[in-house]
Amino acid sequence: MDFSTYKKSTASVWAGETEPTANGAVTTPIVRSVAFAYHDLDEWHNVATGKAEGYIYSRNTNPTVHVLEEKIRILEGAKAATSFATGMGAISNTLFALLAPGKRVVSLNDTYGGASRIFLDFLPRYQVNVTLCDTTDFDALETEIAKGCDVLYLETPTNPTLKIVDIARLAAAAKKVGAITVVDNTFATPINQNPLALGADLVVHSATKFLGGHSDAMGGVLCGAKALVEKVFQFREINGASLQADPAYMIARGMKTLELRIERQNASALTIARYLKAHPKVSNVFYPGLETHPGHDIAKTQMSGFGGIMSFSLNGGYDHVKKFLPKLQFVHLAASLGSVSTLAGPPRTTSHVELTEAQRKQLGIPESLIRYSVGIENVEDLLTDLENALASL
């Protein structure tokens, strides 16, 4: 079914699920079967070799998983999609499938801690040339891309300091040298931002976060150009980082309320960011919806909403962070984000726990920083909660 003329909320509910199920069930069946049987050997061979549609083995493809892949494919306006057991599975499989010894990847100083480890520790072991640039120095990024680049890896807004990267500008620079542009769109979600429409070739998501939205299922997805997705899929099906049917079902179910949740989180996050910006015990607030944010103008051009994630620094450093966070009542102090419930924590225990304090400092991540993922609670209750905790400092 062609969803191009329909709104994203409709696609979130119906994509991948327009055909009736075998028994008329109105929800997607969870198909746990490892293997799929055929009576005709020619048909079996055609499906196994990709000449006909169907399923052979759930490490490769699965009917329930396919529903989730179709949802993200359609919401991102992609030609193809595939999935992984986790968000880091999506990131790592994509990078290792596209890069090889002697290849060059250009990326940002500000990427999720797991991605940073791949760039700093793992890819160099395989003689992949890694160049990390100042995240918002687009001139420097263009210069490095022009020197020769096979993959340009971007993340915007960044985790955890919410910097904004100009996708269209950098993707255009990458195209000039034949580089593949990959964008981590986890923070923005396809409701707020569509990198493929801005010139990117591939988009990755940690589906564990906003897509699933309930902190109860892990997964990752990749979508984009068909040939590139197939290349990563071929790597993943042998590598084995496959998404199973049960979490795929839960993520796809969560996606049916994606737009509703994101609209609420967008509005609440902006209200809270403005409140914190004016508070005397808060030294800085990082949220692209604020007019004072350095990337606000770019965000306005490439985002339809500014997301449910912000970070802020407290006066008094990490000692105040340790005192402040346990005072919050409507927040889980946990290493995740994008849930219906509000989640918060410092980078040293969340996004960049894999890095040392010196490495975090090098990336411009202060120990006084708190990442705050706004849930769908009443915003007035969240504001009162923050006020009470700040009053304790």
Side-chain angles (χ1 to χ4, degrees), residues 3 11-12 15-17 28 30-36 47-100 114-115 118 151 153-155 180-186 189-190 194-196 200-212 217-255 258:
F3 280 90
S12 297
E17 301 185 71
T28 297
I30 302 174
V31 180
R32 295 190 177 94
S33 182
V34 170
F36 301 85
V47 173
T49 55
K51 296 175 183 176
E53 292 186 2
Y55 304 94
I56 298 294
Y57 192 62
S58 280
R59 173 165 54 81
N60 304 331
T61 57
N62 172 280
T64 309
V65 174
H66 179 69
V67 169
L68 169 61
E69 293 170 347
E70 276 296 281
K71 285 187 186 297
I72 193 66
R73 181 188 72 79
I74 288 167
L75 286 174
E76 287 286 15
K79 296 295 184 183
T82 191
S83 58
F84 308 82
T86 65
M88 277 308 303
I91 293 170
S92 61
N93 277 259
T94 298
L95 290 171
F96 279 101
L98 299 178
L99 293 165
I118 292 176
V151 172
Y153 183 90
L154 307 175
E155 178 183 311
I180 299 165
T181 300
V182 182
V183 178
D184 183 340
N185 202 33
T186 299
T189 81
N194 294 112
L196 298 178
D201 300 294
L202 293 169
V203 173
V204 293
H205 286 270
S206 173
T208 310
K209 310 304 192 300
F210 285 106
L211 297 185
M218 300 188 76
V221 289
L222 170 76
C223 60
K226 192 172 189 295
L228 293 175
V229 172
E230 287 180 347
K231 184 173 184 177
V232 179
F233 166 76
Q234 289 164 3
F235 183 89
R236 190 271 290 161
E237 69 173 336
I238 301 303
N239 179 270
S242 308
L243 181 62
Q244 296 188 29
D246 286 85
Y249 169 84
M250 296 175 76
I251 295 167
R253 181 181 63 177
M255 285 183 68
L258 181 61

Counting distance only, does the side-chain N/O of Arg236 pair as donor-acceptor with the main-chain N or O of Thr82 below 3.5 Å?
no
Min side-chain heavy-atom separation Leu258-Leu75 under 4.5 Å:
yes
Just by distance, do the side chain of Asn239 and the backbone of Phe235 share a donor-acceptor pair under 3.5 Å?
no
Less than 4.5 Å apart, side chain to side chain, heavy atoms only: is that true for Asp184 and Tyr153?
yes
Can you classify the ring geometry of His66 versus Tyr55 as parallel (below 30°), tilted (30 to 60°) or perpendicular (above 60°)?
perpendicular
Hey, are the side chains of Glu76 and His205 touching, using non-hydrogen atoms and a 4.5 Å cut-off?
yes
Report yes or no: does Lys71 contribute a side-chain atom to a donor-acceptor pair with the main-chain N or O of Ala15 at less than 3.5 Å?
yes
Under 4.5 Å between any side-chain heavy atoms of Ile118 and Met88, yes or no?
yes
State, with a plain yes or no, whether a side-chain heavy atom of Val183 is found less than 4.5 Å away from one of Leu202.
no
Please confirm whether the backbone N or O of Ser83 pairs with a side-chain atom of Glu69, one donor and one acceptor, at under 3.5 Å?
yes
Lys79 side chain reached by Val229 side chain, heavy atoms, under 4.5 Å:
no
Can you check whether Val182 reaches Leu98 side chain to side chain, under 4.5 Å on heavy atoms?
yes
Considering all heavy atoms of both residues, which atom of Leu196 and which atom of Gly224 are nearest to each other, and what is their separation?
CD1-CA, 3.9 Å
Distance-only donor-acceptor check, side chains Asn185 and Glu155, under 3.5 Å
no
I want to check something: taking the side chain as every heavy atom from C-beta on, are Ile72 and Leu211 in contact at a cut-off of under 4.5 Å?
yes
Could you grab the distance from atom CZ of Phe84 to atom OG of Ser206, nearest 0.5 Å is fine?
12.0 Å
Within a reach of under 6.0 Å around CD of Gln244, are more than 12 heavy atoms found that belong to other residues, nucleotides or ligands?
no
What one should report as the nearest heavy-atom pair of Val47 and Gly54 is CG1-C, 3.5 Å
Measure the spacing between CG of Leu222 and OG1 of Thr94 and express it to the nearest 0.5 Å.
4.0 Å
